Amino acid sequence: MAKNLKLDPRQSECYLAEPTGLIRGIRYPQIGKGKQAWGAGVHTDGSLLSIVCQDQVGGLEVYNHNKWLPVKPIPNTFIVNIGDMIKAISNDEYVSVKHRVRVNKQEDRISMNYFVFPDLDCIIQSSK
Ligand SMILES: O=C(O)CCC(=O)C(=O)O
Ligand SMILES: [Fe+2]
């Protein structure tokens, strides 16, 4: 991505700072038969990138070409979502993905999420 956007390597380094990264572990409790609930409503992530590791229960959905698509759990596989900051840096060449999480009726769901944020003093600027 950095190559494609012709980013200065020093600039990309400050975007991908390690100390500002954030890990969030989430448990979505089962809701029981006959009920419906959202574990996470429709949103985009404010980060540069988000790396999601979900268990086998499923429930994550992404919006693509006017459709909601379930993200099938695949063992030992991470999902990488583009966040709002990449959208800003790339002048909308890369677009942050709308997503939501459906809660399962019979099983709890666990996901681990790593959000990549830039260094604290890094200035986000468009690549154009
Ligand atoms: O639990 C998931 O699969 C995604 C969670 C999420 O979208 C978030 O924490 O921003
Ligand atoms: Fe998210």
Side-chain angles (χ1 to χ4, degrees):
M1 254 189 260
K3 231 188 211 173
N4 184 36
L5 296 171
K6 298 187 179 64
L7 294 184
D8 176 333
R10 276 167 307 173
Q11 189 67 19
S12 357
E13 210 171 289
C14 118
Y15 287 152
L16 300 174
E18 270 181 46
T20 48
L22 185 84
I23 292 186
R24 187 158 64 206
I26 310 175
R27 175 175 157 259
Y28 301 88
Q30 58 184 281
I31 43 159
K33 272 192 198 149
K35 293 196 186 135
Q36 221 210 326
W38 295 104
V42 179
H43 68 283
T44 55
D45 294 339
S47 50
L48 280 146
L49 293 171
S50 313
I51 302 169
V52 183
C53 176
Q54 63 170 341
D55 66 10
Q56 78 296 339
V57 174
L60 176 63
E61 297 180 353
V62 293
Y63 195 68
N64 189 255
H65 292 108
N66 302 315
K67 267 194 212 145
W68 282 103
L69 305 172
V71 181
K72 195 177 143 209
I74 303 173
N76 306 315
T77 304
F78 295 112
I79 300 137
V80 180
N81 285 330
I82 287 177
D84 296 336
M85 287 186 187
I86 292 271
K87 183 174 184 280
I89 291 165
S90 74
N91 243 327
D92 293 2
E93 195 171 323
Y94 295 98
V95 180
S96 45
V97 64
K98 263 195 227 166
H99 54 287
R100 64 187 183 187
V101 180
R102 201 179 276 279
V103 175
N104 193 279
K105 294 187 171 60
Q106 285 118 32
E107 282 180 275
D108 291 6
R109 172 180 187 264
I110 306 268
S111 72
M112 293 299 293
N113 304 268
Y114 179 67
F115 299 93
V116 181
F117 282 104
D119 235 341
L120 291 176
D121 57 358
C122 180
I123 296 168
I124 294 286
Q125 55 193 27
S126 154
S127 58
K128 286 198 179 150

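Counting convention: from 1, in listed order, for ligands and their atoms alike. This is a predicted model, so every value here is computed, not measured. This chain uses plain numbering: 1 for the first residue, then up along the sequence.
- Of all the heavy atoms of I79, none lies under 4.0 Å from any atom of ligand 1, so neither backbone nor side chain is involved.
- Here the side chains of L7 and M1 are not in contact, with every heavy-atom distance at 4.5 Å or above.
- Below 4.0 Å from some heavy atom of F115 lie the following atoms of ligand 1, by number and element: 8 (C), 9 (O), 10 (O).
- The shortest side-chain heavy-atom distance between R109 and L60 falls under the 4.5 Å cut-off.
- Summary: OD1 is the N/O/S atom of D45 found nearest to the Fe ion (ligand 2).
- Considering all non-hydrogen atoms of both residues, S50 and D45 come closest at OG-OD2, 2.7 Å.
- Nearest protein heavy-atom contact of atom 4 (C) of ligand 1 is N113 OD1, 3.5 Å.
- Residue R100 places no heavy atom under 4.0 Å from ligand 1.
- In this structure, the protein non-hydrogen atom closest to atom 8 (C) of ligand 1 is R24 NH2, 3.6 Å.
- Shown in contact with Y28 at under 4.0 Å from a heavy atom are these atoms of ligand 1, numbered in order with element: 1 (O), 2 (C), 4 (C), 5 (C).
- Judged purely by distance below 3.5 Å, without hydrogens or angles, the side chains of Y94 and N4 pair a donor atom with an acceptor atom.
- Here the side chain of N113 pairs a donor or acceptor atom with the backbone of R24 at under 3.5 angstrom.
- The two residues P118 and I124 make their nearest non-hydrogen contact at CG-CD1, 3.9 Å.
- The shortest heavy-atom distance from Q54 to ligand 1 is not under 4.0 Å.
- For N104 (side chain) and E107 (main-chain N/O), a donor-acceptor pair under 3.5 Å exists by modelled atom type.
- Among all non-hydrogen protein atoms, the one lying nearest atom 3 (O) of ligand 1 is R109 NH2, 2.9 Å.
- When the N, O or S atoms of H43 are ranked by distance to the Fe ion (ligand 2), NE2 comes first.
- Per-residue contacts place V52 under 4.0 angstrom from the following atoms of ligand 1 (heavy atoms of the residue considered): 3 (O).
- Looking at heavy atoms from C-beta onward, N81 lies in side-chain contact with V97 at the 4.5 angstrom threshold.
- For ligand 1, the atoms closer than 4.0 angstrom to any heavy atom of H99 are 7 (O).
- Considering all non-hydrogen atoms of both residues, E61 and W68 come closest at O-CZ3, 3.6 Å.
- Protein heavy atom nearest atom 6 (C) of ligand 1, with residue, atom name and distance: H43 NE2, 3.9 Å.
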